[in-house]
Protein chains: 2
Amino acid sequence: MDNNLKLKTAEIEKISHLEYFNIAISVDCVIFCYNEKSLQVLLIKSDLEEYSGLYSLLGDLVKPDEDLDSAPYRVLKQRTGMDDVYLEQVHTFGSIGRHVSGRVITTAYYSLIDIKHHKLKLDENELHWHPVKNIKKLAFDHKIILDTCLQRLREQVMEFPIAFNLLPEKFSLRQLQELYEAILGIELDRRNFRKKIALKGWLHDLDEMETDVSHRPGKLYSLDPVHKKRKVIKKSKQPLVTILT
Amino acid sequence: MDNNLKLKTAEIEKISHLEYFNIAISVDCVIFCYNEKSLQVLLIKSDLEEYSGLYSLLGDLVKPDEDLDSAPYRVLKQRTGMDDVYLEQVHTFGSIGRHVSGRVITTAYYSLIDIKHHKLKLDENELHWHPVKNIKKLAFDHKIILDTCLQRLREQVMEFPIAFNLLPEKFSLRQLQELYEAILGIELDRRNFRKKIALKGWLHDLDEMETDVSHRPGKLYSLDPVHKKRKVIKKSKQPLVTILT
DNA sequence: TAATAAATATGTACTGAATACACATTATTT
DNA sequence: AAATAATGTGTATTCAGTACATATTTATTA
């Protein structure tokens with residue numbers, strides 16, 4: 001570009017769009033919660049005509065002065081008021097035609113939050129929780145993003161103690177099992193599930209009982225303090241090295 | 001931005017950088033090969049003063065009219081002349097200060113190629129293969145990118161038949177085992193390795209023998225045709241669903 | 001040509017996790 | 001006080017992961 005022209009704003013815009021930094025970068029958040037025995041995602045009504053009636057994930061453009069990984073935290077803070085959330089980067093989507101209003105490459109994150117801590121009035125913000133199972137179509141390529149994040153969540157949840165971010169501090173084994181069933185989309189055997197979780201050593205026995213149930217109360221547990229890391233957990237994946245000898 | 005000013009080129013640039021699409025996006029390729037019993041990576045001498053003497057990964061800015069996932073294929077084709085390569089997206093790096101010349105967010109891919117198919121004259125291009133084990137420092141954040149990709153490769157290699165992309169069409173079990181040892185960085189028991197690979201069902205017995213070895217020749221195998229997918233392999237990860245019942 | 005060296009090829013016993021499955025216990029409700 | 005409904009626990013089986021030793025085949029060398 002070697003022009004020394006006098007340009008009007010619109011023209012400046014056009015040129016900078018097309019020939020300079022002509023690709024915008026955004027983040028999209030797949031915000032999971034667990035409510036009424038189902039895994040749900042926070043969605044917002046799409047504000048674009050092309051997708052009127054459809055919902056989309058929460059996202060925003062990355063700002064020039066913020067780290068990529070900070071952007072989803074900002075989006076979450078703005079939309080839900082929460083800031084101590086579990087977040088994990090999953091994949092970056094960048095097909096040419098994925099966004100109707102221009103070239104936008106987006107990095108997808110998933111987030112796990114306890115809905116009980118979520119005091120936002122949803123209606124005011126046009127934000128809604130939707131059971132993952134019911135979601136058939138979303139704006140843009142957001143359905144694919146959702147599917148990719150759900151798949152990653154399913155992979156991670158058996159290996160790392162992250163599902164606990166979806167539960168309140170204290171929970172029963174039944175709650176935990178129902179959560180896993182909701183995430184994985186399958187039914188689990190109670191005895192084997194307990195054995196498996198016990199083997200992981202993730203649980204801390206609180207010596208307390210459920211109080212609000214209308215049947216025999218179960219024991220309450222919390223995530224063992226050793227494993228309490230709410231932020232991004234680095235994968236060390238020992239199993240792979242010990243797989244063969 | 002609501003200016004209708006007369007601007008000189010430099011100013012136009014400045015404004016468009018800072019307030020419009022002010023973040024560039026690139027891809028970086030961690031190109032692995034296997035040679036002389038070691039896992040190696042293709043590097044190029046950094047062309048920036050700040051990093052003179054250091055090597056960096058191969059990368060380029062994503063073009064406005066190409067898919068994000070196409071960019072690393074283009075880079076590979078340009079640099080190595082190869083186009084039927086295994087490529088996988090790993091992670092996107094976007095710290096504010098990661099690139100000295102400005103704000104650049106980069107998506108990292110790793111690639112597996114058979115060095116025998118690689119006819120490029122390396123010296124002319126300042127491209128060099130470096131054993132992964134010897135690499136201590138790279139330009140930018142490329143050492144972290146390399147480590148992240150290597151970790152991902154190690155995770156994938158036990159689960160999916162992708163390591164074969166690093167070998168010639170026909171190979172012996174010894175070669176395969178040495179490759180796995182190079183990737184994982186550990187020694188493996190020969191009998192257990194064979195059992196494990198046999199269990200995966202990845203191998204096709206060619207009923208041929210090694211010819212160029214100065215000892216008892218081993219049988220030659222190829223990747224079983226059923227598993228022959230050189231491009232990105234979609235993860236289906238059944239194990240997770242069958243993990244509990 | 002016979003003996004040696006070096007690599008290939010293979011099998012078994014042990015341990016531990018994954019799975020399938022049944023009964024006793026406890027609190028609530030009627 | 002009896003019935004209900006959920007919690008809590010154990011055992012047998014299968015299969016993969018691991019540790020480990022000997023026979024076989026080819027090339028080399030004496």
Side-chain angles (χ1 to χ4, degrees), chain A residues 36-37 154-155 157-161 167 170-182 184-222 237-245, chain B residues 37 154-155 157-161 167 170-181 184-222 237-245:
Chain A
E36 304 192 340
K37 302 195 181 180
R154 285 175 173 169
E155 289 169 14
V157 95
M158 291 311 303
E159 218 167 337
F160 305 101
L167 289 178
K170 303 176 179 185
F171 53 85
S172 67
L173 279 173
R174 175 179 36 76
Q175 284 178 290
L176 185 63
Q177 179 177 341
E178 283 168 355
L179 170 60
Y180 269 82
E181 290 176 335
L184 298 174
I186 54 174
E187 298 214 326
L188 302 173
D189 179 86
R190 193 157 42 94
R191 289 157 291 187
N192 294 338
F193 178 77
R194 284 162 185 247
K195 205 185 305 175
K196 175 115 187 167
I197 295 294
L199 201 66
K200 301 268 185 197
W202 291 342
L203 295 189
H204 173 64
D205 191 332
L206 288 169
D207 267 320
E208 292 180 56
M209 293 301 213
E210 286 181 301
T211 53
D212 49 351
V213 287
S214 67
H215 56 264
R216 174 179 175 184
K219 291 173 84 172
L220 288 178
Y221 297 84
S222 67
K237 275 245 181 178
Q238 264 194 331
L240 277 159
V241 181
T242 57
I243 245 165
L244 298 164
T245 320
Chain B
K37 302 195 180 180
R154 286 176 172 167
E155 289 170 15
V157 94
M158 290 311 303
E159 218 168 338
F160 305 101
L167 290 177
K170 302 176 178 185
F171 52 86
S172 67
L173 279 174
R174 175 179 38 76
Q175 284 177 291
L176 187 62
Q177 180 178 341
E178 284 168 353
L179 169 60
Y180 269 82
E181 289 176 334
L184 298 174
I186 54 174
E187 299 214 325
L188 301 173
D189 179 87
R190 195 154 42 92
R191 291 157 289 189
N192 293 339
F193 178 76
R194 283 161 185 249
K195 205 187 303 176
K196 177 109 186 171
I197 296 295
L199 201 66
K200 301 268 185 197
W202 290 342
L203 295 189
H204 174 64
D205 190 332
L206 288 169
D207 268 320
E208 290 181 57
M209 292 301 213
E210 284 180 303
T211 53
D212 49 353
V213 287
S214 68
H215 55 264
R216 173 178 175 185
K219 292 173 83 171
L220 288 177
Y221 297 84
S222 66
K237 275 247 183 178
Q238 262 193 331
L240 278 160
V241 181
T242 57
I243 243 165
L244 298 164
T245 322

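Each chain gets a letter, A, B and so on, in the order its sequence line appears, and its residues count up from 1.
In terms of phosphate contacts, A/K196 brings a side-chain nitrogen or oxygen within less than 4.0 Å of OP1 or OP2 of C/dA18. Regarding contacts with the backbone of D/dG8, a side-chain N or O of A/R194 is found under 4.0 angstrom from either OP1 or OP2.
Taking atom CD on B/E187 and atom C1' on D/dA19, their separation rounds to 15 Å, with Å as the unit. For the pair A/I186 CD1 and C/dA20 C1', the interatomic distance rounds to 15 Å; values are reported in whole Å. For the pair A/Y221 OH and D/dT7 P, the computed distance is 12 Å after rounding to whole Å. Straight-line distance from the CG atom of B/D189 to the P atom of C/dT12: 16 Å, rounded to whole Å. The distance between atom CG of B/D205 and atom P of C/dT8, rounded to the nearest whole Å, is 16 Å. In this entry the distance linking CG of B/L188 with C1' of D/dG17 reads 13 Å, nearest Å. Taking atom CE of B/M209 as the reference point, atom C1' of D/dA27 lies 14 Å away to the nearest angstrom. The distance from atom CD of B/E159 to atom C1' of D/dG17 is 16 Å, rounded to the nearest whole Å.
Remark: side-chain polar atoms of A/K170 are not paired, donor with acceptor, to backbone N or O of A/E210 under 3.5 angstrom.
Closest-nucleotide positions on DNA chain D for A/R191 and A/H215 were compared, and the one nearer the 5' end corresponds to A/H215. Residues A/L173 and B/V213 both approach DNA chain D. Their nearest nucleotides, taken by heavy-atom distance, put A/L173 toward the 5′ side.
The side chain of B/P217 has D/dT26 as its nearest neighbour among C/dC21, D/dA6, D/dT26. Checked against C/dT8, C/dA27, C/dT28, the side chain of A/R216 finds its nearest nucleotide in C/dA27. Residue A/R190 has its side chain nearest to C/dA22 when only D/dC20, C/dA9, C/dA22 are considered. When each of D/dA16, D/dT7, C/dA20 is scored by its nearest atom to the side-chain atoms of A/N192, the top-ranked nucleotide is C/dA20.
No more than 12 heavy atoms of other residues, nucleotides or ligands lie within 6.0 Å of NZ in A/K37, so this atom counts as exposed by the packing criterion.
When heavy atoms are screened at a 4.0 angstrom cut-off, B/K195 is found touching base atoms of the nucleic acid. Looking at heavy-atom distances under 4.0 Å, B/R174 makes contact with sugar-phosphate atoms alone, never a base.
No side-chain heavy atom of A/L199 sits under 4.5 Å from any side-chain heavy atom of A/K196. B/F171 is not listed as a side-chain neighbour of B/L206, based on a closest heavy-atom distance of 4.5 Å or more.
With A/Q177 as the partner, the side-chain hydrogen bond (donor to acceptor under 3.5 Å, both in side chains) test is satisfied by one option alone out of A/R174, A/E181, A/Q175: A/E181.
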